[in-house]
**Student:** 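Pasting a structure here, questions to come.
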Amino acid sequence: MYLDIQRRIQQRFVNVIREAYGLEVTPPPLNDPPSGDLGDLSLASCFELAKQLRRSPKKIAEELAMRIPPLAGIERVSVAGAGYLNFHLDRAAAAAQLFALRTAPPVPGAAGSGKIVVEHTSINPNKAAHIGHLRNAVLGDTFARLLRASGEEVEVQNYIDNTGVQVADVVVGFVHLEKKTLSDVEKLIQDSAVRFDYSCWDLYARVFQFYEEKPEALSLRSQALKDIEEGHGDLAALADLISTAIVRLHLATMLRINVEYDLLVQESEILRLDFWKSAFELLKSTGAIRYEDSGKNQGCWVMTLREAEEGKTEEAAGGEDVKIIVRSNGTVTYVGKDIAYHLWKFALLGKDFGYQLFHTYPGGHQVWRTALEGEPAAPPCGRAHAAYAVIDTRQSYLQNVVKAALDALGFHEQSANLHHFAYEVVGLSPGCAEELGVELTAEDRARPYVEVSGRKGQGVKADDLLDRLLAKALEEVRSRQITQDPQEQETCARRIAVGALRYFLLKVSRRVIIAFDFKEALAFEGETGPYLQYTSVRARNIFRKFQETHPEFQPADLDFDLSMEQLRKLYSGEDGLAFWQLSLLAAQLEMAAQQAIATQEPSIVAKYAFRIAQAFNNFYHRYHILSEADPGRQAFLLFLVHIVERTLAQALDQMGIEIPEHM
RNA sequence: GGGGGUGUAGCUCAGCAGGAUAGAGCAUCGGAUUUCUAAUCCGACGGUCGGGGGUUCGAGUCCCUCCACCCCUGCCA
């Protein structure tokens, strides 16, 4: 609705400029006027036009203010300042439209532009997840939700590197340090007294210590890796056992924060179904990669990155940007496998996986996993029109290699539709690191954050953080005596804990490094998830209370109680501007969501949700609704609450944050 | 060396394709509720938008340059 009005204004402006002055202009950006009484949308284009037309901006603005109307949804156009053109919306009409929009449930799958694959999480299946993984999952999940809310068809994939070195390391640990057999490990996995992913976390650190003390042990790793890649023998069986168990635990951890997946793509199938082989043939036959028969990369297949179109002088010749795709020993690098994976994502490989049902979530949603042989009931996977890969920014170089490979193969459209959703890492504040027992130098202590090493077993485990959040939320819930029912306390605390965490990770731009700190992450006041949830609960409480005296009342029916005349009267009365500004803000959800998608920046929706919650809380204090004596005005206030409550609920849903019954 | 990112209030961060008086949260201080629950609201304090040039009617935003910090630039992933 708001977006439609914006487009109409832009279109009309372009047309009027053409008719009046014979000039062709591009659709101008619309701004927010500095204060609400000046108007709702603003154009500064007259300053620009002043030069070409050799007339004062104010004169032009005044002329345009006459020429532009009538325009659907716009009540009037005014001129302010030295030549700003301000548009005043028809408040009553816009509000009625918004009410209808917010009341009707959104329609899924309406965009119809083709499937979008969002790949996120993609944790090495060899140990427990940490906070950095939570950031990845929350960003990816929120982005997928945003796309779905805007009508896109989305498939969420989680790439499982079950044949990589990290799994091999843990295999080495179990075999050579723990002296455990396959069935020992199996028992360990079954044992509910131990947390398997936590013991792998510690074991992984011990393996690195082992390598340091005995560098010759690195041959054990290569041997394990080779066996795992080839997929036969005890080590391969052990790797499969471990990685599958860890994946199940990762899925359980992510489910705690409302993250689910559609498909797990395993590297083992990329290898065993010869996806790489096909991709290799394709790369060779098109000349995208070449064989080096001399030089430092002798015996390797490499790809040259030509990022600079032209103008690159000879001075840069020494450092030609070359990436090795196949090593001199014939094995393929990670990027090579990623190229194969992405060719499959866009259905460019001429091959497909088999799929087997891996898990059914409590809500009934299914997650499938790639397999050598599939089940007939499997859904169609892949075949993406566009793909987003949520991967931390340190891998930007490698992601560019994948994109460049698609280009080199001539798949320019797919390359353009492949997006590296890059986000910054999560470090620890120096205080937090020391709290966890990490030794710091004086230099470290002066830094805004420190990066800790997973190889040393350092870091904050996802489940530990969640447990702490949950404990604190439970304490708060109990102390406030919201409910006596332990089950309900638990549910409420869980929603608050998850809300706090997800909002904490979403509110900042993906481009900033988060210096993790327990105090900030555990905050429930100010700009936090619980603040937003509390705001929703407050709005709902008004309806709940109102229904005690009006059992028939349904918020969705409010538009029957209010005529356009009443709306007009209330929006132009004494408090009209305050009411209108709240309504206008509520109308901007779609704009915020669209912007978040376009810029791959979910924080835009988070910030938006906070703004509207703040505006509502202010409104809540200024206007007491249940004690309002005038029934017409009361109905109107309830109408406003409904609009805001629905808007906030949708925004929270897009962020994967649930609203507690009581707070 | 090359590529990328960041630099805005004491701290953590917004600032949307340049636009009207630089904004939040936290922290500090001071207020508000016999009311739809104070996980709230209002106010105060606090800023040479890293430095310097330039483009423009107008620059935190665009260009150039310098400075600081971080990441990448592996036959690891």
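Reckoned from all heavy atoms, side chains included, excluding hydrogens, waters and symmetry mates. Proteins come first, then strands; the chains are lettered A, B, ... in the order of their sequence lines, and each starts at number 1. It should be emphasised that the depicted structure is a prediction, and the values quoted were computed from it without experimental measurement.
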**Student:** Would you mind classifying the nucleic acid contact of A/Asn617 as base, sugar-phosphate or nothing, using non-hydrogen atoms under 4.0 angstrom?
**Tutor:** sugar-phosphate
**Student:** Can you tell me if the side-chain N/O atoms of A/Arg394 get under 4.0 Å from OP1 or OP2 in B/rG5?
**Tutor:** no
**Student:** Taking OP1 and OP2 of B/rC69, is either one under 4.0 Å from a side-chain nitrogen or oxygen of A/Arg447?
**Tutor:** no
**Student:** Using a 4.0 Å heavy-atom cut-off, does A/Gln298 contact any base of the nucleic acid, only the sugar-phosphate backbone, or nothing at all?
**Tutor:** base
**Student:** Taking any heavy-atom pair under 4.0 Å as a contact, classify A/Pro660: base, sugar-phosphate, or nothing.
**Tutor:** nothing
**Student:** Parallel, tilted or perpendicular for A/Tyr159 and A/Tyr341, by the 30°/60° rule?
**Tutor:** parallel
**Student:** Measure the acute angle between the ring planes of A/Tyr204 and A/Phe208, then classify it against the limits of 30° and 60° as parallel, tilted or perpendicular.
**Tutor:** perpendicular
**Student:** For B/rC41, take OP1 and OP2 only and decide whether either is under 4.0 Å from a side-chain N or O of A/Tyr531.
**Tutor:** yes
**Student:** For B/rC76 and A/Arg327 - does any side-chain N or O of the residue sit under 4.0 Å from the phosphate oxygens OP1/OP2?
**Tutor:** yes
**Student:** Using whole Å, report how far CZ of A/Phe636 lies from P of B/rC36.
**Tutor:** 22 Å
**Student:** Any idea which heavy atoms bring A/Ala61 and A/Tyr84 closest together, and the distance?
**Tutor:** CB-O, 4.4 Å
**Student:** Base of B/rA14, side chain of A/Ser603 - is there a donor-acceptor contact under 3.5 Å?
**Tutor:** no
**Student:** A/Asp392 CG to B/rA77 P: how many Å, rounded?
**Tutor:** 15 Å
**Student:** Name the nucleic acid region contacted by A/Ser509, choosing base, sugar-phosphate or nothing; use a 4.0 angstrom heavy-atom cut-off, strictly under.
**Tutor:** sugar-phosphate
**Student:** Would you mind classifying the nucleic acid contact of A/Gln10 as base, sugar-phosphate or nothing, using non-hydrogen atoms under 4.0 angstrom?
**Tutor:** base
**Student:** Looking only at heavy atoms, which two atoms of A/Ser42 and A/Asn86 are closest? And how far apart?
**Tutor:** OG-OD1, 2.9 Å
**Student:** Using a heavy-atom cut-off of under 4.0 Å over every strand shown, decide if A/Tyr449 touches base, sugar-phosphate, or nothing.
**Tutor:** sugar-phosphate
**Student:** Are A/Gln298 and A/Ser328 linked by a side-chain donor-acceptor pair shorter than 3.5 Å?
**Tutor:** no
**Student:** Check for me: is A/Tyr397 stacked on B/rG3 by the 5.5 Å centroid and 30° plane-angle rule?
**Tutor:** no
**Student:** Have a look at A/Asp161 and say if it touches a base, only the backbone sugar-phosphate, or nothing, with a 4.0 Å heavy-atom cut-off.
**Tutor:** sugar-phosphate
**Student:** Expressed in whole Å, how much space separates the C1' atoms belonging to B/rG10 and B/rG58?
**Tutor:** 32 Å
**Student:** With heavy atoms under 4.0 Å as the rule, sort A/Glu525 into base, sugar-phosphate or nothing.
**Tutor:** sugar-phosphate
**Student:** So what does A/Arg544 touch, heavy atoms closer than 4.0 Å: a base, only the sugar-phosphate, or nothing?
**Tutor:** nothing
**Student:** May I ask you to verify if any side-chain N or O of A/Gln399 is less than 4.0 angstrom from the OP1 or OP2 atom of B/rC72?
**Tutor:** no
**Student:** Applying a 4.0 Å non-hydrogen cut-off, can you work out what A/Gln533 is touching in the nucleic acid: base, sugar-phosphate, or nothing?
**Tutor:** nothing
**Student:** Looking across every strand, which nucleic acid part, if any, lies under 4.0 Å from A/Lys507 by heavy atom: base, sugar-phosphate, or nothing?
**Tutor:** nothing
**Student:** Assess whether a salt bridge exists between A/Glu443 and A/Arg447, defined as any Lys/Arg side-chain N lying under 4.0 Å from an Asp/Glu carboxylate O.
**Tutor:** yes
**Student:** In this structure, how many angstroms lie between the P atom of B/rA14 and the CD1 atom of A/Ile514, rounded?
**Tutor:** 10 Å
**Student:** Looking at every strand, decide which applies to A/Asn86 at a 4.0 Å heavy-atom threshold: base, sugar-phosphate, or nothing.
**Tutor:** base
**Student:** Could you state the atom-to-atom distance from CZ of A/Arg221 to C1' of B/rC76 in whole Å?
**Tutor:** 8 Å
**Student:** A/Phe610 near the nucleic acid: base, sugar-phosphate alone, or nothing, with a heavy-atom cut-off under 4.0 Å?
**Tutor:** sugar-phosphate
**Student:** Under 30°, 30 to 60°, or over 60°: which ring-plane class applies to A/Phe504 and A/Phe516, parallel, tilted or perpendicular?
**Tutor:** perpendicular
**Student:** So, does the side chain of A/Ser328 form a donor-acceptor pair with the base of B/rC75 at under 3.5 Å?
**Tutor:** yes
**Student:** Taking the six-membered ring for Trp and the single ring otherwise, decide whether the centroids of A/Tyr623 and A/Phe579 are under 6.0 Å apart.
**Tutor:** yes
**Student:** More 5' along RNA chain B: A/Phe619 or A/Leu38, using each one's nearest nucleotide?
**Tutor:** A/Leu38
**Student:** Taking N and O atoms by type only, does the side chain of A/Arg611 place a donor or acceptor under 3.5 Å from a partner on the base of B/rA24?
**Tutor:** no
**Student:** So does A/Asp169 reach the base of B/rA77 with its side chain, donor to acceptor, closer than 3.5 Å?
**Tutor:** no
**Student:** Just checking A/Ile604: base, sugar-phosphate only, or nothing, at a heavy-atom cut-off of under 4.0 Å?
**Tutor:** nothing
**Student:** Between B/rA20 and A/Asn31, is there an OP1 or OP2 to side-chain N/O distance shorter than 4.0 Å?
**Tutor:** no
**Student:** Write down the distance between NZ (A/Lys323) and P (B/rG74), rounded to a whole number of angstrom.
**Tutor:** 7 Å
**Student:** How many Å lie between CD1 on A/Ile513 and C1' on B/rG5, as a whole number?
**Tutor:** 8 Å
**Student:** How many whole angstroms separate atom NZ of A/Lys607 from atom P of B/rG15?
**Tutor:** 8 Å
